[in-house]
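In what follows, a structure is listed as structure tokens, so that the remarks can point back to it.
All residue numbers refer to positions in the sequence shown, counting from 1.
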Amino acid sequence: DYWMKKNEFIGNIIRFYNSTGIRPSELNKIQWKDVNLKEDFFIIRNRKSKGNKLISSVPLVGTSREVILWLQSREGIEKGPENYVFVDNSGCQIKRFVRSFKNSLEILGINNKITFSSFRHGYITRMVKRGDISLPILSDIVGHTTTLTLQKHYLHLNPKDKVREIRRSEERRKKMKK
């Protein structure tokens, strides 16, 4: 809310991170040629990966799609295929939004251990806990070549998660028997 009132562009960057799980370094790589609103995805080229330069697609649904549509609707900003998507109102990429975000946390008196990577971690954790998205799909969306990183760092399983998943499985099994 603070950023949506103070600087809508930064507010929408935060909303985008929180709804896509991309890395902060990937945001400024997205060009309009990488956005496919017709099929609801965008491409990230040269993703960070051990030894490889990945190209992967990330779904554009809900909030992330809203942000892209908002960026697309701004007048006076070039949106050709080679133009970058995340530019300010003068058409320039913002290079210091991480620093601006940190400063805002200090102003608001919020725990300074929160980083832009916290949005990525939160997104991945939420998606893993949903249980209806396969780990291979989620791994690809966030730019991991295997599911091992998700299993090691994001599967914060507790007894409630295990019970809920087994109950879901039992319900699916019962429906299949009928």
Side-chain angles (χ1 to χ4, degrees), residues 1-30 34-35 37 40-50 54-71 84-86 93-165 167-168:
D1 287 344
Y2 170 84
W3 276 110
M4 290 306 286
K5 291 174 186 167
K6 180 176 170 125
N7 182 326
E8 193 175 16
F9 178 68
I10 299 287
N12 276 309
I13 288 175
I14 292 167
R15 291 177 69 220
F16 193 79
Y17 277 130
N18 196 43
S19 64
T20 60
I22 68 172
R23 295 176 180 94
S25 62
E26 296 169 338
L27 184 86
N28 277 335
K29 294 178 182 178
I30 304 168
D34 301 323
V35 176
L37 284 167
D40 295 327
F41 70 88
F42 66 97
I43 293 172
I44 298 196
R45 300 170 192 281
N46 299 322
R47 277 195 118 157
K48 177 183 165 187
S49 175
K50 291 182 180 176
L54 291 176
I55 295 176
S56 64
S57 62
V58 178
L60 272 175
V61 295
T63 302
S64 60
R65 183 177 175 78
E66 289 172 17
V67 171
I68 293 295
L69 290 171
W70 176 80
L71 290 165
Y84 290 100
V85 173
F86 286 89
Q93 287 182 305
I94 295 181
K95 303 283 186 187
R96 301 187 198 306
F97 53 82
V98 173
R99 185 180 304 151
S100 295
F101 176 72
K102 279 296 210 191
N103 291 341
S104 71
L105 293 177
E106 288 177 26
I107 291 167
L108 297 169
I110 296 175
N111 180 343
N112 65 358
K113 291 182 181 177
I114 297 172
T115 66
F116 262 85
S117 294
S118 300
F119 293 114
R120 177 177 169 81
H121 186 87
Y123 171 82
I124 296 170
T125 300
R126 285 191 315 274
M127 294 300 112
V128 166
K129 286 196 174 264
R130 280 179 48 164
D132 59 346
I133 301 169
S134 73
L135 291 184
I137 294 288
L138 185 56
S139 290
D140 186 70
I141 288 170
V142 298
H144 295 160
T145 53
T146 71
T147 62
L148 295 176
T149 303
L150 293 182
Q151 292 168 330
K152 184 176 178 182
H153 298 289
Y154 299 98
L155 283 176
H156 310 294
L157 297 176
N158 62 50
K160 288 180 183 178
D161 294 327
K162 294 173 187 177
V163 170
R164 183 178 61 243
E165 194 63 29
R167 280 188 178 146
R168 281 185 193 158

For Asp34, which residues count as a salt bridge (Lys or Arg N to Asp or Glu O under 4.0 Å) partner, sequence neighbours excluded?
Arg45
From Tyr84 atom OH to Asn28 atom CG, the distance as rounded to the nearest 0.5 Å:
8.5 Å
Under the ring pair (Phe, Tyr, Trp, His ring centres under 6.0 Å) test, residues paired with His121 that sit two or more places apart
Tyr154, His156
Hey, could you give me the CD1/CG distance between Ile124 and Leu135, rounded to the nearest 0.5 Å?
11.0 Å
Do Ile13 and Phe119 touch side chain to side chain, with heavy atoms closer than 4.5 Å?
no
Can you tell me if CD1 on Ile137 sees more than 12 non-hydrogen neighbours from other groups inside 6.0 Å?
no
Compare every heavy atom of Thr149 with every heavy atom of His144, then report the nearest pair and how far apart it is.
CE1-CG2, 3.5 Å
Could Glu165 and Arg168 be called an ion pair, given the rule that one side-chain N must be under 4.0 Å from one carboxylate O?
yes
Considering non-hydrogen atoms only, spot the tightest contact between Ile133 and Met127 and give its length.
CD1-SD, 3.6 Å
So how far is it from Ile30 CD1 to Gln93 CD, rounded to the nearest 0.5 Å?
10.5 Å
Listed once per pair and sorted, the side-chain hydrogen bond (donor to acceptor under 3.5 Å, both in side chains) pairs that draw on residues 58-69, sequence neighbours left out:
Arg15-Glu66, Asp40-Arg65
Which pair of heavy atoms, one from Leu150 and one from Ser139, lies closest together, and at what distance?
CD1-OG, 3.0 Å
Could you walk me through whether Met4 and Asn12 pass the side chain to side chain contact (heavy atoms under 4.5 Å, CB included) check?
CA-CA 7 Å; Met4 290 306 286; Asn12 276 309; 3.9 Å; yes
Counting only N and O atoms by type, is there a donor-acceptor contact under 3.5 Å from the side chain of Thr125 to the main-chain atoms of Gly122?
no
With sequence neighbours left out, the residues meeting side-chain hydrogen bond (donor to acceptor under 3.5 Å, both in side chains) with Arg167 are none
Lys102 (side chain) donor-acceptor with Ile114 (main chain) under 3.5 angstrom:
yes
Suppose we screen for ring pair (Phe, Tyr, Trp, His ring centres under 6.0 Å). Which residues come up paired with Tyr17, at least two apart in sequence or across chains?
Phe116
Kindly give the heavy-atom pair with the smallest separation between Thr20 and Ile141, and that separation in Å.
O-CG2, 4.3 Å
Between Asn18 and Arg126, does the side chain to side chain contact (heavy atoms under 4.5 Å, CB included) criterion hold? Intermediate values first, please.
CA-CA 10 Å; Asn18 196 43; Arg126 285 191 315 274; 3.5 Å; yes
Using salt bridge (Lys or Arg N to Asp or Glu O under 4.0 Å) as the criterion, list what pairs up with Glu8, not counting sequence neighbours.
none
Which residue in the set Phe42, Trp70, Tyr123 passes ring-ring contact (aromatic ring centres under 6.0 Å, His included) when paired with Phe16?
Phe42
Below 4.5 Å, heavy atoms only, C-beta onward: do Val142 and Arg23 meet side chain to side chain?
no
